[in-house]
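One structure is given here, and the rest of the page talks about it.
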Amino acid sequence: MSSSKDSGDNGVSLVRKMLREVLVGREDPDGFFALCVSVLGHQDTRAQFLTVIRPLATANVALHSTLTAIYEEYFSNIEDDELQLAMTLSLLEADEASKQSSTKVNPTHSSEDVSAVQNMSSSFTQRNEQSFKQSSPRQQDISESVMEQEKSKRYRRKKPKKVTGHQVVGLPSAPSSQPPVLLWFRRDLRLCDNPAIIGALEVGAPVIPVFIWAPDEEEGPGTTVAMGGACKFWLHQALSCLRQSLERIGSSLVFLKAESPSDSSLQTLKQLLQETGAKTVVANAVYEPWLKERDDLVLSALRKQGVDLRMYHSYCLRDPYSVTTRGVGLRGIGSVSHFMSCCKQNPGPPLDALELAKMPRRKDGTIIDWAANIRKSWNFSEEGALAQLNNFLQDGVYKYERESGRADSPNTSGLSPYLHFGQLSPRWLLWDAKGAKCRPPKFQRKLAWRDLAYWQLSLFPDLPWESLRPPYKALRWSSESAHLKAWQRGRTGYPLVDAAMRQLWLSGWMNNYMRHVVASFLIAYLHLPWQEGYRWFQDTLVDADVAIDAMMWQNGGMCGLDHWNFVMHPVDAAMTCDPCGAYVRQWCPELADLPDELIHKPWKSPASMLRRAGVILGQTYPERIITDLEERRSQSLKDVAQVRLQFIQYVDKFSGCDLVPVPPRLLSESLGLHEDAVARGKQFLLPLITRMEFKHQLEDPDSDADSNPFNAVLKGYVSRKRDETVAFLNERDFTASVMNEGAQRRERIDMNYRRMEGLPQPREPRGKSRRTPTAKDKFSIVPGGVRNTPR
Ligand SMILES: Cc1cc2nc3c(=O)[nH]c(=O)nc-3n(C[C@H](O)[C@H](O)[C@H](O)COP(=O)(O)OP(=O)(O)OC[C@H]3O[C@@H](n4cnc5c(N)ncnc54)[C@H](O)[C@@H]3O)c2cc1C
């Protein structure tokens with residue numbers, strides 16, 4: 001608390017000093033205001049700016065009123081902008097809604113066969129709304145009161161015309177609208193509990209219900225009399241009733257005949273698909289062997305044409321082709337008891353048949369059960385998820401806010417696999433977390449991180465394999481496979497890294513802090529490509545999640561949207577996460593007897609100590625695979641500087657930040673243009689927050705990591721302050737440049753306005769506001785007392 005207050009006080013006193021610069025004419029009012037916002041932030045500027053400039057009210061009235069005007073314009077603009085944004089959004093929503101409702105009544109339609117086809121999806125929605133109204137008494141109350149109000153208005157309003165018949169919704173006329181779905185009715189002539197109907201509606205396109213009469217196919221190869229006279233009569237009535245039911249909800253049923261020997265359901269469907277442009281056919285399965293054979297044929301033929309045939313099961317309780325006698329035998333076959341036993345014994349396709357948890361076998365036939373520890377470590381059920389959540393909320397969440405970086409105690413929620421497999425709903429989790437007394441802000445942010453990962457993946461689909469920042473694609477990586485293997489197996493000789501990698505292998509999980517430690521080791525010290533780390537994590541984590549894993553490895557691999565402003569040191573990181581070595585003792589038991597102060601660096605132990613602890617380096621515990629940590633870090637920095645220089649077009653010359661091409665979706669959102677137009681146009685580059693040490697290294701690409709004032713290696717608690725300062729500098733840099741751009745834009749608009757109106761241009765201000773701070777710049781003094789060096 002006190003530190004943030006201190007930094008606030010420092011900021012205000014800097015602003016006061018700067019005010020003197022304005023008074024003596026070395027700084028102009030706009031630049032002063034921009035820097036004030038970047039130093040104090042929005043909230044503090046809003047709260048304190050007027051107080052800071054109050055002395056001017058008597059001493060320099062003109063300057064006071066100029067600054068007050070800038071202040072008022074700035075903050076009123078923000079509110080206006082927000083209001084305008086909200087209005088634009090609501091207009092867009094309204095526009096979207098009206099577009100949707102208009103597509104529901106698209107009257108254009110040409111094909112004769114399907115002339116009565118209607119949009120089932122819209123009518124089903126209406127139907128659902130109706131039934132909801134009927135089923136909910138509260139809703140009924142509301143609708144009754146609305147009706148009362150309507151009655152009273154009746155005489156004042158013109159009575160609307162009664163709609164006769166149904167709104168006929170045709171096939172989409174616009175080539176871009178979604179192709180319709182064929183709903184192929186066979187022996188499922190009902191609306192209720194019909195999986196095919198639900199499947200068709202889920203596609204979200206117009207639905208064309210169709211019945212094809214193919215008597216030869218029904219009959220099959222022998223004499224089955226599948227469709228006797230009485231049955232045909234019933235079929236006729238049932239079809240007629242189904243058509244009426246469909247018409248009642250605004251749809252209809254197309255009848256087609258495939259009677260001649262040359263004709264077939266397949267031919268008829270193909271023709272219908274051609275006429276309607278449908279790309280999906282949905283049906284419920286029928287089980288007579290000759291009909292199943294026909295359906296299999298239809299399936300493969302349509303698939304070849306790129307049509308998706310979706311088959312659901314609803315005719316029998318159990319799909320007869322899935323019932324097996326496994327575990328029951330053949331005794332009593334034919335009796336219903338035997339059949340029921342078969343169903344009970346084999347409920348659906350056996351899970352084991354999916355071979356998800358199949359273990360490899362040794363040559364002698366014994367099983368290698370690599371998941372034994374994972375099985376012991378987790379309760380895989382939904383109840384397990386809820387129990388874990390309750391434990392966390394009752395106790396863990398309080399520690400989480402303070403000490404989530406500890407490896408030696410389970411201070412994080414451990415909910416990631418449950419979230420990944422949807423055994424726990426993120427909305428439920430957020431709701432429960434908000435209910436905790438401490439309203440854990442840090443934990444809530446973590447859930448936002450999860451969504452951020454999916455947003456990033458939606459913008460950059462090649463996130464899991466392609467470095468996002470262009471220059472980093474050319475980075476020189478090591479191909480030392482022995483190093484990769486040692487890292488994967490937890491045999492690097494660095495106990496903290498090894499403990500984490502063994503925990504991963506044995507339990508399928510490690511906490512966030514340890515993921516950072518091992519990722520830093522792989523990238524910054526072993527120089528192995530981040531994609532290797534990503535792939536190993538994907539194979540070994542029980543919560544392996546393409547979006548999150550890719551985002552985090554890209555960030556760790558220095559090429560993601562966000563740069564980690566730290567590198568975890570494989571030994572010093574233990575000061576924060578495992579100060580007494582309990583974590584290492586758990587996962588590397590061969591080191592358990594070393595004293596606390598040496599357990600993270602056994603190579604520093606005297607021979608006698610090692611002997612007493614039963615450790616023989618190179619035998620019971622591996623020697624370090626690399627020893628020149630500092631040199632390797634320096635090399636990594638130099639490599640980065642080299643590719644940044646090589647692809648200097650991707651480095652912003654003002655701020656030194658990396659630039660990435662903006663994906664078309666983002667660009668079209670920002671410019672309000674169609675995505676196609678944006679994709680055809682010029683490539684836009686966006687500056688990203690970039691690690692300070694990289695920016696500095698660009699000035700002197702061959703310097704060592706040690707001489708870099710922004711050296712990112714995080715040494716436990718000691719460097720926290722430094723890390724926070726670096727984060728502050730980054731943010732301030734960014735804000736200052738954005739603010740400056742804003743001020744310049746305002747100046748430009750003002751100049752153009754004056755030019756058009758023939759008004760005189762204002763005099764050039766004497767001091768120019770700076771885009772980025774320099775060493776001489778007073779604003780380079782960070783509240784914490786660290787000086788920013790010139791770039
Ligand atoms: C290199 C690297 C790879 C990672 N790979 C994965 C992965 O494949 N799957 C995965 O779920 N998490 C991944 N993470 C993020 C994070 O480490 C795990 O979500 C966290 O350790 C899971 O433990 P927890 O449930 O106790 O987390 P808590 O700290 O209790 O967080 C609660 C939940 O928030 C979400 N969350 C937490 N941190 C992050 C984050 N940084 N980004 C996105 N969501 C987050 C998770 O769903 C997590 O379960 C990775 C982190 C790193 C550094």
Side-chain angles (χ1 to χ4, degrees), residues 377-378 384-385 388-393 395-407 409-430 432-434 436 438 440-457 463-464 487-488 497 500-501 503-504 507-524 526 528-568 573 577 714:
S377 311
W378 299 93
Q388 180 89 7
L389 171 61
N390 285 340
N391 279 345
F392 177 66
L393 289 178
D395 183 28
V397 71
Y398 301 97
K399 286 191 216 141
Y400 186 91
E401 291 299 307
R402 279 175 288 121
E403 295 198 287
S404 65
R406 296 294 288 241
S409 98
N411 284 355
T412 68
S413 72
L415 292 171
S416 46
Y418 301 111
L419 276 166
H420 178 67
F421 288 100
Q423 292 166 290
L424 198 64
S425 134
R427 286 185 292 190
W428 183 321
L429 178 56
L430 181 65
D432 275 7
K434 279 186 170 172
C438 63
K442 190 164 151 191
F443 184 70
Q444 290 180 37
R445 273 172 78 87
K446 285 293 165 89
L447 294 177
W449 269 96
R450 192 170 169 266
D451 284 18
L452 169 67
Y454 276 89
W455 186 63
Q456 287 196 14
L457 185 63
L463 199 67
W487 179 81
Q488 291 172 336
V497 175
M501 294 309 287
Q503 182 190 15
L504 171 64
S507 72
W509 188 87
M510 67 173 98
N511 77 11
N512 192 46
Y513 192 92
M514 296 316 301
R515 292 184 203 205
H516 280 92
V517 170
V518 299
S520 285
F521 190 70
L522 186 85
I523 291 157
L526 295 183
L528 285 162
W530 64 266
Q531 288 94 336
E532 291 289 358
Y534 165 80
R535 281 195 283 268
W536 183 251
F537 268 30
Q538 279 299 114
D539 194 30
T540 50
L541 276 171
V542 288
D543 62 23
D545 184 301
V546 169
I548 306 178
D549 208 18
M551 174 183 78
M552 296 308 286
W553 274 105
Q554 286 257 5
N555 289 347
M558 308 174 288
C559 50
L561 280 193
D562 193 12
H563 256 175
W564 290 352
N565 248 321
F566 52 82
V567 170
M568 297 286 198
C577 68
L714 186 62

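Atoms within each ligand, like the ligands themselves, are counted from 1 in listed order.
Considering backbone and side-chain N/O of L415, one or more are found under 3.5 Å from N/O of ligand 1. For ligand 1, none of its N or O atoms has an N or O atom of W564 under 3.5 Å away. For ligand 1, the polar-atom distance check finds no N/O of Q538 at less than 3.5 Å from any of the ligand's N/O atoms. Of the N or O atoms in G414, one or more lie within a sub-3.5 Å distance of an N or O in ligand 1. In terms of polar-atom proximity, defined here as any N/O pair under 3.5 Å, N511 makes no such contact with ligand 1. Here's the thing with W553: none of its N/O atoms is less than 3.5 angstrom from an N/O atom of ligand 1. Among the atoms of S413, some N or O lies under 3.5 angstrom from an N or O of ligand 1. Residue D545 places at least one N or O, backbone or side chain, under 3.5 Å from an N or O of ligand 1.
Close approach of ligand 1 to R450 is summarised as follows: ligand atoms under 4.0 Å from at least one heavy atom of the residue are 43 (C), 44 (N), 47 (O). Counting atoms of ligand 1 from 1 in the listed order, those under 4.0 Å from a heavy atom of F537 are 1 (C), 2 (C), 3 (C). With ligand atoms numbered from 1 in the order given, ligand 1 contributes 8 (O) to contacts under 4.0 Å with heavy atoms of A544.
For S416 and W509, the side-chain atoms include at least one donor-acceptor pair closer than 3.5 Å.
In terms of protein heavy-atom proximity, atom 40 (C) of ligand 1 is nearest to W449 CB, 3.8 Å. Among protein heavy atoms, atom 32 (C) of ligand 1 sits closest to F443 CE1, 3.4 Å. Of the protein's heavy atoms, M552 CB, 3.5 Å lies nearest to atom 52 (C) of ligand 1. The protein heavy atom nearest to atom 3 (C) of ligand 1 is D549 OD1, 3.1 Å. The closest protein non-hydrogen atom to atom 37 (C) of ligand 1 is K446 CD, 3.4 Å. Protein heavy atom closest to atom 6 (C) of ligand 1, with residue, atom name and distance, is R515 NH1, 3.3 Å. Of the protein's heavy atoms, W509 CZ2, 3.3 Å lies nearest to atom 23 (O) of ligand 1. When only non-hydrogen protein atoms are considered, atom 28 (P) of ligand 1 lies nearest to Y400 OH, 3.5 Å.
The closest approach between a heavy atom of A453 and any atom of ligand 1 is not below 4.0 Å. Within the structure, ligand 1 lacks H420 among the residues with a heavy atom less than 4.0 angstrom away. Proximity of Y534 to ligand 1 is not established, as no heavy-atom distance is less than 4.0 Å.
Distance check, rounded to the nearest 0.5 Å: CG of N511 to NE2 of H516 gives 10.5 Å. Distance CD/Q554 to CG/D549: 11.0 Å, rounded to 0.5 Å. Rounding to the nearest 0.5 Å places CD of E532 at 13.0 Å from CZ of F537. The CH2 atom of W530 sits 13.0 Å away from the CE atom of M552 when rounded to the nearest 0.5 Å.
With a 4.0 Å heavy-atom cut-off, ligand 1 is reached by the backbone of S416 and by its side chain too. At a heavy-atom cutoff of 4.0 Å, ligand 1 is contacted by the side chain of L419 but not by its backbone. With a heavy-atom cut-off of 4.0 Å, L452 does not touch ligand 1 at all.
With a 4.5 Å cut-off on side-chain heavy atoms, Y400 and K446 count as touching. Between V546 and Y534, the closest side-chain pair of non-hydrogen atoms falls below 4.5 Å. Side-chain contact between W553 and W536: absent, with no pair of heavy atoms (C-beta onward) separated by less than 4.5 Å. Inter-residue side-chain proximity for T412 and N512 is flagged as unmet; no heavy-atom pair is nearer than 4.5 Å. Side-chain contact between M551 and L457 is absent, with no heavy atoms from C-beta onward closer than 4.5 Å.
Distance alone, capped at 3.5 Å, is enough to place a donor-acceptor pair between the W487 side chain and the V518 backbone. A donor-acceptor contact shorter than 3.5 Å links the side chain of Q388 to the backbone of S413. Checking side-chain atoms of N411 against main-chain N and O of E403 turns up a donor-acceptor pair under 3.5 Å. For W378 (side chain) and S507 (main-chain N/O), a donor-acceptor pair under 3.5 Å exists by modelled atom type. Looking at H420, its side chain never comes within 3.5 Å of a backbone N or O of V542 through a donor-acceptor pair.
For atom 17 (O) of ligand 1, the choice among I548, L522, N512 with the nearest heavy atom turns out to be N512.
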